[in-house]
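Working notes for the structure below.
Residue numbering restarts at 1 for every chain, and letters A, B, ... go by the order of the sequence lines. Keep in mind the model is a prediction, meaning the values are calculated, not measured.
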Amino acid sequence: MSKELTKRADDYSKWYNDLVLKADLADHSAVRGCMVIKPSGYAIWENMQKTLDKMFKDTGHVNAYFPLFIPKSLFEAEEKNAEGFAKECAIVTHYRLKTDPDNPGKLMVDPDAKLEEELIVRPTSEAIIWNTYKGWIQSYRDLPLLINQWANVVRWEMRTRLFLRTAEFLWQEGHTAHATKEEAIIETKQMLDVYADFVENWMAVPVVKGVKTANERFAGADDTYCIEALMQDGKALQAGTSHFLGQNFAKAFDVKYVTKDNKQEYVWATSWGVSTRLMGALIMSHSDDHGLVIPPKLAPNQVVIVPIYKGDDGLARVSVVANDIKKKLQAKGITVKYDDRDSQRPGWKFAEYELKGVPVRIAIGERDLANGTVELARRDTLTKETVSIEGIDSLIEQLLTDIQTNLFERAKQRTQQLTTKVDSFEDFKKVLDEKTGFVLAHWDGTPETEEKIKDETKATIRCIPLNNEQETGICIYSGKPSTQRVLFARAY
RNA sequence: CGGGGUGUAGCGUAGCCCGGUAUCGCGCCACGUUUGGGACGUGGAGGCCGUCAGUUCGAAUCUGGCCACCCCGACCA
């Protein structure tokens, strides 16, 4: 198989696609817009899940599972939510097939098996969950209700891209219910912090935390908080969202609780989610023209050992040392693969593990056996050095930490370098076209202006950063007064 | 969903204008030599040419429908 990757500079989008396919992360499937996540890709997703799941549990949440199907009558209960997702829903209308009398061997939908009520394949689960919560919540003693589910959802997108936008995708969605508005807002922000912590400290992708404008808000939310990351090509990617849902769903599904002083009150809600889109963010943030670069904390294999030898005896001699190193590293909790396959040569393996993004590679040959050394190569910098076997476990433990830090710092510098303040619409357009990246500019706060800027430049307000610096200025588009800069970018 | 492009072995391709069942490279299998950055030799296997229909004695090649993918829009996590 040709492993030639398209260069980022030649065609970034083609590079991304090539990389996903060639690093064996995912593949297109027989279903339009739906991908097959292959073992190499799924292993990274599993590591993400494992880490996030622990973070959710550490903040008091528990997992549950709700149905894939939502009866249409429930789906439409919260009007804004229903309206927002209506255009991209898959709908089940029948429950049976039959053999087609006109086409032997073919099946047809049995017209007699039409459902009384259509079922919507969930694009998000607020409706079915809030309908369920109604039966679970009676008293303030039942609150807060802190539930997460790992699930698949379907959004019938016009145009799809592996991981970034697929018709079916995997995600987690947290759905919580609270007695007070304040508590729900604290929860919303807490989960945003959890996401930011995960994306920055595990994925090594720096993010801007902020709040969405009304235009960009989740359908059915009072406020949508988000984390926005900048990819290598200067386009923004929404990496996670946390919604304060107010009492919208409580009212739509009539979920009330009795307070201590025996009054009926609607509960306050949040929902929050991250999806397999994070895989896209991970890939686009760190990878290079040689292939994938996986941050050590999420790498299914943190270290690979490649033996270099002549003949069976040679392999046996190298293997003694390699297995010893493997054991020492495993004792430190490091995941190690010793690739002693005789079917591929060392050079082939080097290239292969670079393509697959393994953070650290150790090569051991005769020369090393004589000197008590190994060759150590790091994926992030593509540098190699010869080091003593003595104390290699501690050295690699430190190296993995260094790589993790380096990847984050590198991405952070890039993001800072690609963040520009502008004060005129001319500069705004110029920066978007020539420099790309985040653009901080004054905005008059109206949806109309936001919409016009989007129409003319394809840039959207990614968020109003949290703890945003307040400064007086004038809107770059309308010239009206403004109190702060907001974060614009062209986005995925 | 609109505009443009592509579809030939696992991957990348030649052939298509001027109809006669297919070229080359990589990969794959066997054996041997090799092994410190994608090895080499010899032999071999693998294709109803995206799919369905039409024209024709005969279709990868001509015509039409459909499907998938890529690029640009609209929509979106």
For A:Phe218 and A:Phe85, I'd like to know if the aromatic rings sit close, meaning centre-to-centre distance below 6.0 Å. yes
Check for me whether the distance between the ring centres of A:Phe169 and A:Trp171 falls short of 6.0 Å.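 For A:Phe169 and A:Trp171, the ring centres are under 6.0 Å apart.
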Give the minimum heavy-atom separation between A:Val207 and A:Glu200, together with the two atoms involved. N-OE2, 2.9 Å
Residue pair A:Asp222 / A:Gly246: nearest heavy atoms and the distance that separates them: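 Closest approach of A:Asp222 to A:Gly246, heavy atoms only: OD2-CA, 3.5 Å.
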Side chain of [X] only, heavy atoms from C-beta on: which candidate in [options] is closest?
X: A:Phe350; options: B:rU35, B:rA74, B:rG37; result: B:rG37
X: A:Trp348; options: B:rC28, B:rG36, B:rG38; result: B:rG38
X: A:Glu354; options: B:rC28, B:rG37, B:rU35; result: B:rG37
X: A:Met158; options: B:rC76, B:rG37, B:rA74; result: B:rA74

Between [X] and [Y], is any side-chain donor less than 3.5 angstrom from a side-chain acceptor?
X: A:Asn201; Y: A:Asp197; value: yes
X: A:Glu173; Y: A:Ser271; value: no
X: A:Asn81; Y: A:Glu126; value: no
X: A:Lys337; Y: A:Tyr353; value: yes

Distance between [atom1] atoms of [N] and [M] (Å, rounded):
N: B:rU55; M: B:rG10; atom1: C1'; value: 35 Å
N: B:rG37; M: B:rG46; atom1: P; value: 37 Å
N: B:rC49; M: B:rG2; atom1: C1'; value: 30 Å
N: B:rG3; M: B:rG64; atom1: P; value: 16 Å
N: B:rG12; M: B:rU23; atom1: C1'; value: 13 Å
N: B:rA14; M: B:rG50; atom1: P; value: 14 Å
N: B:rC52; M: B:rC16; atom1: P; value: 24 Å

Is A:Arg345 close enough to B:rA39 that one of its side-chain N or O atoms is under 4.0 Å from OP1 or OP2 there? yes
Would you tell me if any nitrogen or oxygen in the side chain of A:Lys22 comes within less than 4.0 Å of OP1 or OP2 on B:rC11?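 No, no such contact exists.
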Identify whether NZ of Lys or CZ of Arg in A:Lys326 sits under 6.0 Å from the centre of the six-membered ring of A:Tyr338 and within 45° of that ring's axis.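 No cation-pi geometry.
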Are there any protein N/O atoms within less than 3.5 Å of an N/O atom in nucleotides 49-51 of chain B, and if so, which ones and at what distance?
none

Stem ranges of RNA chain B by first residue number, counting only runs of at least 3 Watson-Crick or G-U pairs under 3.5 Å, come to B:1-7 with B:67-73, B:10-12 with B:24-26, B:28-33 with B:39-44, B:50-54 with B:62-66
Only one of A:Tyr477, A:Phe438, A:Trp443, A:Phe428 forms a ring pair (Phe, Tyr, Trp, His ring centres under 6.0 Å) with A:Phe488, so which one is it?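 For A:Phe488, the ring pair (Phe, Tyr, Trp, His ring centres under 6.0 Å) test succeeds with only one of A:Tyr477, A:Phe438, A:Trp443, A:Phe428, which is A:Phe428.
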Between the protein and nucleotides 67-71 of chain B, which nitrogen or oxygen pairs come in under 3.5 angstrom?
from, atom 1, to, atom 2, distance (Å)
B:rA68, OP2, A:Arg32, NH1, 3.4
B:rA68, OP2, A:Arg32, NH2, 3.4
B:rC71, OP1, A:Ser13, OG, 2.4

On RNA chain B, check which nucleotide each of A:Thr166 and A:Asp368 is closest to and give me the residue with the more 5' one.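 Looking at the nearest nucleotide for each, A:Asp368 comes out on the 5' side.
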